[in-house]
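Single-structure report; data block below.
Just so we're clear, the structure is a prediction, and the values are computed from it rather than from any experiment.
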Amino acid sequence: MESKKMSNLLSFEKPVAQIQRRIEDLEKESQEKNIDLSVSIEQLRTELKLELQQIFSQLSRWEKVMVARHPERPKLIDYIKVLIPDYLYFCGDRLFRDDPAIFGAMGHINDNQLIMVIGHYKGKNTRDNIQCNFGMANPEGYRKALRLMRLAEKFRAPIVTLIDTPGAYPGIEAEEHGQSEAIAMNLREMFQLKVPILSIVTGEGGSGGALGIGVGDKIMMMEHAIYSVISPEGCASILWRDASKASEVAEKLKLTAQDIMKFKLIDEIINEPVGGAHRNHREATDSVKKCILQWLNQSEKISWNQDLLDQRYEKYIRLASFDHVKNLMKDIRSSEENL
Amino acid sequence: MESKKMSNLLSFEKPVAQIQRRIEDLEKESQEKNIDLSVSIEQLRTELKLELQQIFSQLSRWEKVMVARHPERPKLIDYIKVLIPDYLYFCGDRLFRDDPAIFGAMGHINDNQLIMVIGHYKGKNTRDNIQCNFGMANPEGYRKALRLMRLAEKFRAPIVTLIDTPGAYPGIEAEEHGQSEAIAMNLREMFQLKVPILSIVTGEGGSGGALGIGVGDKIMMMEHAIYSVISPEGCASILWRDASKASEVAEKLKLTAQDIMKFKLIDEIINEPVGGAHRNHREATDSVKKCILQWLNQSEKISWNQDLLDQRYEKYIRLASFDHVKNLMKDIRSSEENL
Amino acid sequence: MISFKKNNTPKIVKPGPNLEAEARDWTKCPGCRALLYNKHLSENYQICPKCNHHFRLNSREWLRLLSDEGSFCPLFEEFEAEDILEFTDNETYVERIKKACKKTNANEAIQTGTCTIEGHKIAIGVMNFHFIGGSMGVVVGEKIVRLTTLATEQKLPLLILSASGGARMQEGMFSLLQMARTAGAIGRFQKENGLYLSLLTHPTTGGVSASYAFLGDVIIAEPQALIGFAGARVIEQTTRQKLPPRFQTAEFLVEHGQIDKIVERKVMKKVIARILSFYQEGWSSHGVKKNE
Amino acid sequence: MISFKKNNTPKIVKPGPNLEAEARDWTKCPGCRALLYNKHLSENYQICPKCNHHFRLNSREWLRLLSDEGSFCPLFEEFEAEDILEFTDNETYVERIKKACKKTNANEAIQTGTCTIEGHKIAIGVMNFHFIGGSMGVVVGEKIVRLTTLATEQKLPLLILSASGGARMQEGMFSLLQMARTAGAIGRFQKENGLYLSLLTHPTTGGVSASYAFLGDVIIAEPQALIGFAGARVIEQTTRQKLPPRFQTAEFLVEHGQIDKIVERKVMKKVIARILSFYQEGWSSHGVKKNE
Ligand SMILES: [Zn+2]
Ligand SMILES: [Zn+2]
């Protein structure tokens, strides 16, 4: 496993840091003294991997939140570069402003299939972060996303949306320019696009701002991504006027990919490299690419006309419906009885 | 004829002012001294009417510009009150701002036919004027107009647009928010509305800002309205860097209803009261109402589906086409030869 | 879901022991602090005659105000919330629902059905802020989807009155997805040329405002209603800017082009009826066009 | 129609008598005042290698730059402007047209036809600013309408390169109406899923910018190109405000969300070809979808 040096270590990653440091020391020693320490190093690497596997299989929901928000997690642009290397980007909502918090580009995946990738962009460094508002889009971002989706429709290019946002931007101008209208319009219009849509939550799926580009024929989540109706901090401050209770609230919100898969609200979980996507961008992006290719393969079989729209609509008629909940509750009860 | 007291006398109206003053004097005398002067008054009134007829039948093009811009000319709201007394207005572009320079309302004409009236609003007084930008719309105004037209389509209400603007607003924000895009979009989308559209130039038809709500199945102009690719002032300052040559340029631009009718670019001229619409609002608005009713009557016979769109499109394929011009030139040449 | 401190529900004045019975008949106006006789308040559409303060109506009161007497037929009453997340804060979600039902004498934050408004038959949904802040969970979403589907099938105009703090966080992702479900249903309805009137009352925010509330062909708001996506406090904390006056009020939204008009409660029924009559006429007066 | 003071056409340096022949080979860059050898300038797409100043290309030069060699088939060349208004300012309109024809060796402000771009067949229109400021009169409108109709019928992508001060005032209302005619034609084309690429060069303003130029499915601009509706001078006079830096430049428009991207002249053909290949693939790769 190719492991990166971590500048942002999460608290629960500390045990791993020691092993990593030991590996680094041995590597240095091996080089300086020109001796073969590969056996010891390999051993430590295995140890590291096991430790990471151990830690990341037992993350609490709040720890998952921290992984999903990890600053070194792959960002939209990392995915785009790997997914569609010959990409062309398109800017602007044709109305008011180009919002850098939403970015979209068209290009070929695997050299032969054209797709449009649209997502939230959090930025790769502090300057970027600020420019992109940490991935919190304004209405013009959502309107640009819709314009690009319609462009994809004209090009007959399937759409992949990559979700990674704390939420829509809570700003004065955002309210003035119709944050509500922009998100609502996307939710409505995404049902009308005659090309297949896949939505993947790659990091943070923050409420309406995430869903605003998230209506898809299929919905997937990365292994350590989260998707929530409200941020744990926001929820805590409403319930107890105390944002510091966020970690406690995260447990209640059941916002991990695993929770949501269990609820049957998503179609698939995309595996991450051992220790999380932030430890190995290449493996993470490849994993996403593989899932997209599989999905494209399935989508070939549907004819891209009213049928596609009907299927999408039917999906959402069932999804999170009263019957859906009822059936889940029945399943839960019967499995409890069987214990 | 019910004549208003003029607070804004145009230079060429001066001869009329004297007669008016004499009428007022006689009326006053008759009342104060309680004597019957009705014969003399009636005589003067006839004189006034003849004088007005004389003056207004010989207006130069620049004088027409001044009549079309007359501050006491009926404004959008005067028309709406007479045309659709039970009107309901609708605000906003759902994007950025409600632009008071464009106003739209739905209601019944003649108690039985629902229509949507949308137009430029110049305002009725100085405060209004400023708020409405003297009828110069921003992009949000054009976007609101389009939204209201689509609403009319949903209500199956024919659309009447009333044009009265010096032009689209030349402002910084207007450019930032896409004045070009907004007007272009309206021009394109008005071809797609499945309800009949009538455009009437009631006053000033100022270039792209006028046309931006002016694509119709029929186009009419009031007798003293103007319609021009550029304002005489603007044209003069481009040609000679001297806006004061506007009166001279007005002659060149051939921008009167009569010119444009002769060019076969409009379908009808709507008669104004003797001495211009500003002298008798009631007669002017009634005249417009009559023309709308006639048009509605014709529109009943077309089925409001693709046929309507095809007819509208065909109209504009012919209108101002190369063949149109060629045929006009032929007519002019042959009539010259016949002299 | 946003929390609202200022609750403008009529507050019964706490009286001295002897005056108790009498005092129940009086309400103190939070706008101007005048003591108002409940009967008069009720006759005045729950609007303070002194300062025009609009007291909040519950869904039943709204239905009484808008629909023709006896015309409301409730639909989809059978749906009741489930605690799929097993959510507990200061109390369990199950307990919270139970209390809300008791308090509002209703089983969810929206009443749906059909009614007539000055003779025009419509599909109607009316939210109730008193039921867990009018929050949208699975049942609210389900009822709106079903109501909209019914309106599409029966070719009825659709009216939804919103009063909500947003999505119901106690139902997690199930709540959030109601935004997409309702928006999808309304899109289908509108594609079939259905007329959707959205009526926004105090407050309409969060996941409700960013889904069906802002998809109305015509959007009407009550005067002074708070309408927006994000909570004012969150905006202040995030931007560290002072909020402009009247921020997120209905008046602010009209100015910013987001809604069609503000209508006083007293004439609300009349205005809606006029829109409905306009719409039905357009459809019936031209045989040719009807069939498209 | 807006007038442009700053003409960035290459200006031949006025030489002393003996140097005349030689000097014709050199051009002074208005951007950095460097003396540039015309041959080098031409090899560098008429871009100053010192300061990146983009000299203006005429329609023929653009066609040479964009289309595959020998692939351009001119269409609708037969249309010539008529002086229907009998317009005279400092000279008659007839005279003005004659001069423009002579100067540009073309008969109108746009060249239209078909060509291939890296093998992709398209309908193409290229405006020529040197012909009466690239102004749009009846003939320009007519050629665009016919080109667009052809593109619709033959299912070709459409590319229009704009370079224009706006409508041609010498043709009065006939000019203005070209805005509606071209927009209508492009709307029909786009409804049939036709791809329209709009390429904006310096300057694109007035009636051209407010019609076909801003209707592109994809809108591309050259760096630093002046693009806008109203003239900067008019805006200053009307608003009495100082114009922001880079006002109405391509860069300003990207920031304000009005156009898709800025593309350097050197890679323009490549970028357009890539878009065309994306589009044609999408259509050809899925048999099922092709027939819709
Ligand atoms: Zn009060
Ligand atoms: Zn230079």
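Taking chain A as the reference chain and counting heavy-atom pairs below 4.5 Å, the highest number among C:Pro244, C:Gly137, C:Gly257, C:Ser209 is found for C:Ser209. With chain A as the partner, the residue from C:Glu255, C:His256, C:Arg181 showing the most heavy-atom pairs under 4.5 Å is C:Arg181. With chain A as partner, the option from C:Thr182, C:Val138, C:Ile227 having the largest number of non-hydrogen pairs under 4.5 angstrom is C:Val138. Listed options C:Val145, C:Thr149, C:Ile186, C:Thr88 were ranked by heavy-atom pairs under 4.5 angstrom with chain A; first place goes to C:Thr88. Per-residue heavy-atom pair counts under 4.5 Å with chain C were compared for A:Ile317, A:Leu255, A:Val215, A:Leu309, and the maximum is reached by A:Ile317. Each of C:Gly187, C:Ser175, C:Ala180 has some count of heavy-atom pairs under 4.5 Å with chain A, and the biggest count is that of C:Ala180. Of all the listed residues (A:Gly178, A:Gly212, A:Ala182), the one sharing the greatest number of non-hydrogen pairs under 4.5 Å with chain C is A:Gly178. Per-residue counts of heavy-atom pairs under 4.5 Å with chain C were compared for A:Asp323, A:Leu319, A:Asp259; the largest is that of A:Leu319. Listed options A:Glu181, A:His177, A:Glu176 were ranked by heavy-atom pairs under 4.5 angstrom with chain C; first place goes to A:Glu176.
Contact of A:Phe191 with chain C is made through the side chain alone, with heavy-atom distances under 4.5 Å. For C:Lys191, the part sitting under 4.5 Å from any heavy atom of chain A is the side chain, from C-beta outward, and nothing else. Both the backbone and the side chain of A:Asp310 have a heavy atom closer than 4.5 Å to some heavy atom of chain C. When heavy atoms are compared at a cutoff of 4.5 Å, C:Phe252 approaches chain A solely by way of its side chain, counted from C-beta outward. Within the 4.5 angstrom heavy-atom criterion, only side-chain atoms of C:Phe87, from C-beta onward, approach chain A. With a 4.5 Å cut-off on non-hydrogen atoms, A:Val325 touches chain C through its backbone and its side chain both. Of the atoms belonging to A:Phe263, heavy atoms from both backbone and side chain fall under 4.5 Å from chain C. Proximity to chain C (any heavy atom under 4.5 Å) is restricted, for A:Gln192, to the side chain, taken from C-beta onward. For chain A, the nearby part of C:Phe247 is the side chain; its heavy atoms alone come within less than 4.5 Å. Within the 4.5 angstrom heavy-atom criterion, no atom of C:Ala213 approaches chain A. Contact of A:Tyr227 with chain C is made through backbone and side chain together, with heavy-atom distances under 4.5 Å. Looking at A:Ile260, the atoms closer than 4.5 Å to chain C (heavy atoms on both sides) all sit in the side chain, from C-beta outward.
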Contacts under 3.5 angstrom, residues 235-242 of chain C side chains, donor-acceptor by atom type, not counting sequence neighbours:
| from | atom 1 | to | atom 2 | distance (Å) |
| --- | --- | --- | --- | --- |
| C:Thr238 | OG1 | C:Val234 | O | 2.6 |
| C:Thr239 | OG1 | C:Ile235 | O | 2.7 |
| C:Thr239 | OG1 | C:Gln241 | N | 3.2 |

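Atom CG of A:Leu253 and atom CD of C:Gln170 lie 9.5 Å apart (nearest 0.5 Å). The CD atom of C:Glu86 sits 5.0 Å away from the NZ atom of A:Lys254 when rounded to the nearest 0.5 Å. Taking OG from A:Ser180 and CD1 from C:Ile219, the interatomic distance works out to 9.5 Å, rounded to the nearest 0.5 Å. A distance of 9.5 Å separates CD1 of A:Ile172 from CD of C:Gln248, quoted to the nearest 0.5 Å.
With A:Arg188 contributing its side chain and C:Gly184 its backbone, the two residues share no donor-acceptor pair below 3.5 Å. Between the side chain of C:Glu142 and the backbone N or O of A:Phe322 there is at least one donor-acceptor pair closer than 3.5 Å. Between the side chain of C:Glu82 and the backbone N or O of A:Lys326 there is no donor-acceptor pair closer than 3.5 Å.
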task = Please report the C-alpha distance between A:Ser228 and C:Leu176 in whole Å, then the side-chain angles of each, then the deciding distance to 0.1 Å, and finally whether the side chain to side chain contact (heavy atoms under 4.5 Å, CB included) criterion is met.
result = CA-CA 8 Å; A:Ser228 182; C:Leu176 185 68; over 6 Å; no
request  = Show your working on side chain to side chain contact (heavy atoms under 4.5 Å, CB included) between C:Met169 and A:Leu239 and close with a plain yes or no.
outcome  = CA-CA 10 Å; C:Met169 56 194 181; A:Leu239 290 179; 3.4 Å; yes
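Proximity of A:Leu211 to C:Leu177: side-chain heavy atoms (C-beta onward) are separated by under 4.5 Å at one or more points. In this structure the side chain of A:Ile183 reaches within 4.5 angstrom of the side chain of C:Met179, judged on heavy atoms. A heavy-atom distance below 4.5 Å is not found between the side chains of A:Lys252 and C:Leu85. Looking only at side-chain heavy atoms (C-beta outward), A:Ile332 and C:Ile84 come within less than 4.5 Å of each other.
Scanning all heavy atoms of the two residues, the minimum distance from A:Ala184 to C:Phe214 falls at CB-CB, 4.4 Å. The minimum heavy-atom distance linking C:Gly172 with A:Val229 is given by the pair O-CB, 3.4 Å.
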